[in-house]
Every structure is written in C-alpha cells, then in structure tokens.
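Read through the structure below, which is laid out as structure tokens, and then see the notes.
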Amino acid sequence: MSVAHKIYLETSTNFGASMKLDICYVIDGTGSMSSYISGAKIWIVEITKDICKKLGESGREGNVRVACVIYRSSCCSQHSRDRPDIFDFDVAENLAGRIQSVSCGGGCGSAADVIGGLRWALNLSGWRKDAVQYLIEMGDECPHGAYWNMSTSKHNVSASKIEDDKILVRSIRQRNMKFIFSTVVAGVRDRLREGFRENYNCEEKGLSLQELDFRRSNISEIGRAV
C-alpha cells in the first residue's frame with residue numbers, strides 16, 4: 001500500500017466528506033543531502049499529487065494543504081547557508097513551484113538539526129485543528145547528541161537539551177499528529193528511529209511511527225512503504 005493511499009484512508013476514516021488534510025514535509029538540507037535533494041523534491045510533489053487524486057482534488061481547492069521545512073545545522077546558524085527554509089501551508093498545487101529553488105549546503109559533520117526542523121514545523125501558524133495532520137521527515141543524518149546519534153564523539157550536548165528534544169517529539173504524539181520517518185542512507189539513522197519510537201509511539205492513542213524507504217522509491221512507485 002502506498003503512503004498516499006494510507007494517508008487517504010486515514011483522512012477519509014476520520015473526517016468523512018470534509019477530508020481536510022495538512023501535510024508538512026521536514027527535510028534535511030545540509031550538504032550531505034546534495035545528491036538526494038532533487039529526487040526528494042520530486043518524491044514529495046508526486047506523493048502530494050497522488051494524495052489529491054485519491055481524495056478527488058485538483059490541488060487547488062484547499063482541502064489538502066502542504067508546508068515544507070528544510071532544516072540544516074544548529075551549530076553554524078550564523079551563516080545564511082545553515083538557516084532553514086520555511087514554507088508555511090498553502091494549497092497543494094503550489095508545492096512544486098515553492099520548493100523549486102531549494103538547494104543543500106552547510107552542516108557540521110555527521111549531524112543535522114533534525115529536532116530543530118521538527119520544532120519549526122510544529123510552530124507553523126497554518127495547522128488546522130479540524131484536519132488530519134501529518135509530519136513526514138526525511139534525511140541522511142541524526143541530530144546532535146548521543147541519545148539520537150551513534151556518532152557521539154563530536155556532537156555531545158547537555159542532558160537538559162536532550163530532555164527538551166524528547167519533550168518536543170512527545171508533543172507530536174500529544175497533538176495526535178501522524179508521524180512518518182524516512183531515511184536515504186542505510187543504518188545511519190537507526191538510533192534516531194528508535195529514539196523517535198520511544199518518545200512518539202502510544203498504544204492507547206493508536207499512534208506508532210511509520211517508516212518509508214526513500215532508497216527504494218522511484219518515480220513509478222513513489223511512496224512505497226517499507
């Protein structure tokens with residue numbers, strides 16, 4: 001089952017005829033993603049088109065709205081290349097044009113500001129309370145800090161910072177958002193995936209981290225779930 005079909009089923013089951021859906025893509029834009037970013041942009045545009053098609057939308061009506069956060073690094077944020085690109089919610093049809101100029105750059109070794117990207121996404125003003133809400137995160141690195149990152153030597157952070165990061169991930173669960181995790185490099189983000197599960201999954205709410213494998217996707221089978 002494609003991710004688009006799963007999102008369609010979730011939306012139609014929860015909201016019936018209204019079928020309002022907010023999706024925010026949260027994507028690593030550090031230099032290590034340079035060889036993947038063009039494919040990632042195509043990937044999210046095609047997923048969005050497929051969702052609209054399944055919901056009977058052209059992408060202009062506004063029932064499906066899309067935002068995108070391109071995060072980079074938190075350790076060099078004084079440089080413009082390390083600042084996030086933030087595109088708040090708009091109709092689905094406009095996604096391709098809005099992200100067309102996005103490129104990769106900056107970063108601090110084997111870590112990226114994943115948690116910062118999620119924080120920017122959660123703080124967007126355009127989330128609708130009466131819509132099904134999805135966060136779809138994609139990257140090739142882990143956040144700073146040993147809890148999230150197996151490469152601990154260069155990216156240790158304080159225990160209080162790690163606890164703040166965990167609280168942020170738990171807030172995704174508290175807001176009943178659906179959370180999808182995608183990686184582009186095998187093995188590198190295993191610890192991050194487990195950290196997300198530990199702080200997001202909730203059997204009582206029926207919430208569990210969903211996973212997609214960007215590496216297995218191509219234009220003819222966009223969004224195939226692992």
Side-chain angles (χ1 to χ4, degrees), residues 1-27 43-44 46-57 62-69 71 89 92 114-139 142-143 147-148 162-184 189-217 221-226:
M1 182 187 296
S2 71
V3 63
H5 190 63
K6 291 173 72 174
I7 291 173
Y8 159 72
L9 290 176
E10 180 68 32
T11 305
S12 58
T13 298
N14 280 274
F15 287 94
S18 67
M19 291 190 183
K20 291 183 180 178
L21 175 64
D22 288 344
I23 306 170
C24 183
Y25 297 102
V26 184
I27 300 175
W43 194 65
I44 67 173
E46 292 302 317
I47 287 175
T48 304
K49 286 180 179 178
D50 197 10
I51 292 167
C52 288
K53 183 177 179 180
K54 291 182 184 302
L55 290 172
E57 275 222 0
N63 288 329
V64 179
R65 296 166 70 246
V66 182
C68 190
V69 173
Y71 62 84
F89 286 95
V114 183
I115 305 298
L118 293 174
R119 182 174 286 107
W120 280 108
L122 290 170
N123 287 336
L124 291 174
S125 61
W127 292 105
R128 296 175 294 184
K129 292 182 179 180
D130 60 344
V132 176
Q133 300 176 349
Y134 266 85
L135 278 174
I136 302 179
E137 191 276 336
M138 177 197 302
C142 296
Y147 178 79
W148 307 105
I162 293 295
E163 189 56 35
D164 286 345
D165 291 351
K166 291 180 182 178
I167 290 170
L168 182 105
V169 176
R170 292 172 199 151
S171 72
I172 302 172
R173 175 184 70 198
Q174 291 163 358
R175 289 170 62 169
N176 290 313
M177 290 180 164
K178 307 299 179 181
F179 191 16
I180 298 179
F181 169 85
S182 181
T183 188
V184 300
R189 305 179 95 209
D190 289 353
R191 178 60 207 139
L192 175 58
R193 181 184 62 235
E194 293 311 308
F196 280 164
R197 283 176 174 166
E198 289 169 11
N199 292 280
Y200 171 76
N201 286 11
C202 179
E203 185 175 350
E204 182 179 346
K205 287 175 172 275
L207 296 174
S208 60
L209 184 71
Q210 299 177 53
E211 295 181 60
L212 300 174
D213 193 339
F214 175 76
R215 295 165 300 133
R216 295 185 184 179
S217 300
E221 44 185 9
I222 293 295
R224 184 176 296 279
V226 176

### Query
Closest approach of Tyr25 and Ile44, non-hydrogen atoms and distance?
OH-O, 3.4 Å

### Task
For the residue pair Val66 and Leu21, establish whether any side-chain heavy-atom pair is separated by less than 4.5 Å.
no

### Task
Decide if atom NZ of Lys205 counts as having more than 12 heavy atoms of other residues, nucleotides or ligands within a radius under 6.0 Å.
yes

### Message
Using 0.5 Å steps for rounding, measure from the CE atom of Met177 to the CD1 atom of Ile172.
### Response
7.5 Å

#### Entry: Side-chain (Asn123) to main-chain (Arg119) donor-acceptor, under 3.5 angstrom
yes

### Query
Minimum heavy-atom separation for Asp22 to Gly126, with atom names?
OD2-O, 4.0 Å

### Task
Return the minimal non-hydrogen interatomic distance between Leu118 and Val26, and the atom names on each side.
N-CG1, 4.0 Å

### Task
Work out which heavy atom in Val69 is nearest to a heavy atom in Gly117; give both atom names and the distance.
CG1-O, 3.8 Å

### Heavy-atom pair with the smallest gap, counting every atom of Phe89 and Cys24
CZ-CB, 4.3 Å

### Message
Please enumerate all residues that pass side-chain hydrogen bond (donor to acceptor under 3.5 Å, both in side chains) together with Arg193, with sequence neighbours excluded.
### Response
Asp190

### Task
Determine, for Glu198 against Arg173, whether the closest basic-nitrogen to carboxylate-oxygen distance falls under 4.0 angstrom.
no

### Message
I need the Lys49 NZ to Lys54 NZ distance, nearest 0.5 Å.
### Response
15.0 Å

### Task
Would you indicate whether the side-chain heavy atoms of Glu211 and Phe196 approach each other to under 4.5 Å?
no

### Query
Roughly how far, to the nearest 0.5 Å, is the SG atom of Cys202 from the CZ atom of Arg197?
15.5 Å

### Query
If you round to the nearest 0.5 Å, how far is NZ of Lys166 from CG of Leu168?
13.5 Å

### Query
How long is the gap from CG on Asn199 to OH on Tyr147, to the nearest 0.5 Å?
4.0 Å

### Message
Checking the side chain of Asn201 only, and the main-chain atoms of Leu209 only, is there a donor and an acceptor separated by less than 3.5 Å?
### Response
yes

### Query
Run the salt bridge (charged side-chain N to carboxylate O under 4.0 Å, His left out) check on Glu57 and Arg65 step by step: do they pass?
CA-CA 11 Å; Glu57 275 222 0; Arg65 296 166 70 246; over 6 Å; no

### Query
In chain order, what residues pass the side-chain hydrogen bond (donor to acceptor under 3.5 Å, both in side chains) check against Asp164, with sequence neighbours excluded?
none

### Query
Centre of Tyr200's six-membered ring, under 6.0 Å away, within 45 degrees of the axis: is that where NZ or CZ of Arg170 sits?
no

### Check: Asn63 and Leu55 side chains under 4.5 Å, non-hydrogen atoms
no

### Check: Glu137/Tyr71 side-chain N/O donor and acceptor closer than 3.5 Å
yes

### Query
Nearest 0.5 Å, what's the CD1-OG distance between Ile136 and Ser182?
9.0 Å

### Query
Taking all non-hydrogen atoms of both residues, which atom of Met138 and which atom of Val184 are closest, and how far apart?
CG-CG1, 4.2 Å

### Query
Where do Leu122 and Leu135 land on the side-chain contact (heavy atoms from CB on, under 4.5 Å) test, with the steps shown first?
CA-CA 9 Å; Leu122 290 170; Leu135 278 174; 4.0 Å; yes

### Task
Kindly write out the residues that satisfy side-chain hydrogen bond (donor to acceptor under 3.5 Å, both in side chains) with Gln133, not counting sequence neighbours, or none if the list is empty.
none

### Task
Could you tell me whether the side chain of Trp148 and the main chain of Val114 form a donor-acceptor pair under 3.5 Å?
no

